[in-house]
Amino acid sequence: MPELPEVETVRAGLARRVLGRTVAEVEVRHPRATRRQPGGAAELAARLRGRTFTAAVRRGKYLWLTVGEDDDGRSQTPPSEALLAHLGMSGQMLVQEPEGARRAESETVAVGEHLAPAGERHLDLTATLPPTLVRDVPATTAHLRVRLAFTDGGELWFVDQRTFGHLMAVDTVPTGDGAPGGYGSDAAVLPEPVAHIARDLLDPALDRADLVRRTRARRTEVKRALLDQSLVSGVGNIYADEALWRARLHGTRRTDLLRPAQLRDLFDAATEVMTEALAAGGTSFDALYVDVDGAAGYFARSLAVYGRVGRPCPRCGATLRREEFMNRSSFSCPRCQRRPPVRA
DNA sequence: TAACGATCCTGATAGC
DNA sequence: TGCTATCAGGATCGTT
């Protein structure tokens, strides 16, 4: 499931592969992919055709490509429009290069495949992912939802099996605080639909003391707060569980009853686990297959509790448990993460 | 106004 | 073999 580290991996790939390229044609192959686009698929195509991508930016799990030049090639500062993307649970951005161009070895390549540091040759995905994941890197159009053709013959594909992700071409609005709207651009703007999304834990402009204050002002369970993108963005179910385990907190602890130091530790833990995952190129592009095929070795490098029910806690050895929470699964250690007493 | 639960969706898998 | 139920979960929307 794409959370912040996975989305950042994709953003960095887009920054390398599609900036400076001009959209020639847009094909929407599944209406759900543009369900949030005012005016639908036709509007998306009309707003992108002839436009050039100028920056790849991310806030939390949202990423966008600014279209900073108009049809006459005049640059707009700050960028006033963007192609906004959310990958949902299974979304991928794939770049298809024209025959014989740029990458001699190129076929369809996941934008997040760049596990090698910038400047080095892209790693071959088939050599870095377990077989179960390699199978999921498609040269197929089975789940191709939107196809952007560039004027140079290349293409950008939005592939999304479960159709929770979406694309939309929208106007940008000022951030309000003058700080950059997201990672990847200095422009103090962000797409209008993202205006309510809080800054994420890797954002230098995030006020962490204020985050602790706002979290304690909530009267809710701490895992629910971690997943609330309007409080702090980028954290999904996987890294929420990992952060809670590192901070030794059960997800049902009340935010208003936690000490500031406990919340600071929790946010530090979330920052830490996502930073580590980012360094590894993201946990996975589709965790689904890990459960199904048991490719635990890949996950085990960075995940202590998620998906590991019945296994020993890496810290104390107690048997990890799975609980229902918000219609989701939560994984935790019964010894390190005591459930709070049920209050009347 | 804040909190919270239902809902959307697809495909793999388990169970019968 | 084929059918049905279950599971995964981010964001939004309606209800409390």
Side-chain angles (χ1 to χ4, degrees), chain A residues 1-7 10 29-38 58-64 84-92 131-133 135-136 138 140-146 158-168 170 191-198 200 213-242 251-257 270 274 282-296 299 303 305-309 322-331 343:
Chain A
M1 264 51 80
E3 299 184 30
L4 188 154
E6 291 74 30
V7 178
V10 172
R29 298 166 62 112
H30 195 299
R32 249 183 81 78
T34 55
R35 65 192 181 281
R36 302 201 179 281
Q37 172 74 58
R58 179 194 55 74
R59 172 182 287 208
K61 301 174 212 172
Y62 280 92
L63 65 91
W64 60 92
L84 176 65
H86 194 292
L87 302 179
M89 291 174 61
S90 55
Q92 297 182 27
T132 50
L133 291 176
R135 193 185 58 198
D136 196 46
T140 172
T141 59
H143 303 114
L144 174 56
R145 308 307 186 192
V146 180
F158 178 63
V159 173
D160 187 13
Q161 179 198 98
R162 290 178 183 169
T163 71
F164 271 47
H166 63 95
L167 298 182
M168 57 197 305
V170 293
E192 193 279 331
V194 180
H196 70 289
I197 300 295
D200 62 63
R213 276 193 296 273
R214 287 186 291 116
T215 305
R216 295 189 77 220
R218 299 282 178 103
R219 297 172 52 82
T220 189
E221 295 167 333
V222 68
K223 181 169 180 181
R224 180 176 274 274
L226 263 184
L227 296 174
D228 184 342
Q229 306 297 299
S230 67
L231 181 68
V232 62
S233 67
V235 182
N237 200 44
I238 296 173
Y239 296 121
D241 278 2
E242 293 298 309
T252 60
R253 295 283 292 270
R254 299 279 306 202
T255 51
D256 51 329
L257 300 179
M274 289 196 295
T283 298
S284 161
F285 271 90
D286 197 341
L288 175 71
Y289 289 100
V290 175
D291 286 336
V292 171
D293 296 310
F299 256 19
L303 299 185
V305 290
Y306 184 84
R308 297 175 58 82
V309 61
R322 173 190 176 277
E323 295 170 295
E324 288 273 327
F325 183 75
M326 291 171 63
N327 284 333
R328 306 277 180 268
S329 288
S330 282
F331 301 92
R343 299 191 309 165

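These numbers come from the heavy atoms of this one structure, side chains and all, not from hydrogens, waters or symmetry mates.
Between the side chain of A:Gln229 and the backbone N or O of A:Gly234 there is at least one donor-acceptor pair closer than 3.5 Å.
Taking atom CZ of A:Phe164 as the reference point, atom C1' of C:dC7 lies 12 Å away to the nearest angstrom. Taking atom CZ of residue A:Arg32 and atom P of nucleotide B:dG11, one finds them 12 Å apart after rounding to whole Å. Per the geometry, CZ belonging to A:Phe325 stands 18 Å off P belonging to C:dC7, to the nearest Å. One atom, CZ of A:Arg35, and another, P of C:dT12, lie 10 Å apart when rounded to the nearest Å. Rounded to an integer number of Å, the gap from CZ of A:Arg162 to C1' of C:dA8 is 5 Å. Put simply, CG on A:Leu227 is 15 Å from P on C:dA8, counting in whole angstrom units. Protein atom CZ of A:Arg254 is 11 Å distant from nucleotide atom C1' of B:dA2, rounded to whole Å. Nucleotide C:dT6 holds its P atom 14 Å from the CG atom of A:Asn327, rounded to whole Å.
Note that CG of A:Leu87 is 14.0 Å distant from CZ of A:Phe164, once rounded to the nearest 0.5 Å.
Side-chain contact annotation: A:Arg218 with A:Thr255, donor-acceptor N/O pair under 3.5 Å absent. Side-chain atoms of A:Ser330 and A:Lys223 include a donor-acceptor pair closer than 3.5 Å. One side chain, A:Arg32 or A:Thr163, offers a donor N or O that lies under 3.5 Å from an acceptor on the other.
Every residue two or more places apart in sequence or in another chain that forms a side chain to side chain contact (heavy atoms under 4.5 Å, CB included) with A:Glu323 is listed here: A:His250, A:Arg321, A:Ser332, A:Arg339.
Contact annotation for A:Arg322: backbone-only contact, meaning every heavy-atom pair under 4.0 Å involves sugar-phosphate atoms and none involves a base. Contacts of A:Arg218 with the nucleic acid, taken as non-hydrogen atoms under 4.0 Å apart, involve only primed sugar atoms and P, OP1 or OP2.
Checked against B:dT10, B:dC4, C:dG10, the side chain of A:His143 finds its nearest nucleotide in B:dT10. Of the candidate nucleotides B:dC9, C:dA8, C:dT12, C:dA8 has the atom nearest to the side chain of A:Tyr306. The side chain of A:Tyr62 approaches C:dT12 more closely than any other nucleotide in the set B:dG5, B:dC9, C:dT12. For A:Met89, taking side-chain heavy atoms from C-beta onward, the closest of the listed nucleotides C:dG9, C:dG10, B:dC9 is C:dG9. Side-chain proximity of A:Arg224 to the nucleotides B:dC4, C:dA8, B:dT10 is greatest for B:dC4.
A salt bridge does not link A:Arg216 to A:Asp256: none of the charged nitrogens lies less than 4.0 Å from a carboxylate oxygen.
Remark: A:Thr220 is not in phosphate contact with B:dA2, judged by side-chain N or O atoms under 4.0 Å from OP1 or OP2. For B:dT10, neither phosphate oxygen OP1 nor OP2 lies less than 4.0 angstrom from any side-chain nitrogen or oxygen of A:Gln161. Put simply, A:Ser90 has no side-chain N or O that comes within less than 4.0 Å of OP1 or OP2 on B:dC9.
Annotation: the terminal axes of the helix from B:dA2-C:dT16 to B:dC16-C:dG2 meet at 50°, where each axis is the rotation carrying the C1' atoms of four end pairs onto the next four (5 pairs per end, rounded to 10°).
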Practice prompt. Determine, step by step, whether A:Asp200 and A:Val232 satisfy the side chain to side chain contact (heavy atoms under 4.5 Å, CB included) criterion, reporting the C-alpha distance in whole Å, the side-chain angles of both residues, the deciding distance to 0.1 Å, and the verdict.
Written response: CA-CA 5 Å; A:Asp200 62 63; A:Val232 62; 5.5 Å; no

Inset, instruction - Step by step, work out the side chain to side chain contact (heavy atoms under 4.5 Å, CB included) result for A:Phe158 and A:Gln92. - result: CA-CA 6 Å; A:Phe158 178 63; A:Gln92 297 182 27; over 6 Å; no

Let me see the working for A:Arg145 and A:Arg29 under side chain to side chain contact (heavy atoms under 4.5 Å, CB included), right down to the final yes or no.
CA-CA 5 Å; A:Arg145 308 307 186 192; A:Arg29 298 166 62 112; 5.8 Å; no

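For A:Met326 and A:Thr163, each mapped to the nucleotide of DNA chain B holding its nearest heavy atom, the one lying further toward the 5' end belongs to A:Met326.
The stretch residues 191-198 of chain A touches DNA chain C through A:His196, each having a heavy atom under 4.0 angstrom from the strand.
Between the side chain of A:Arg328 and the base of C:dG10, a donor-acceptor pair under 3.5 Å is found.
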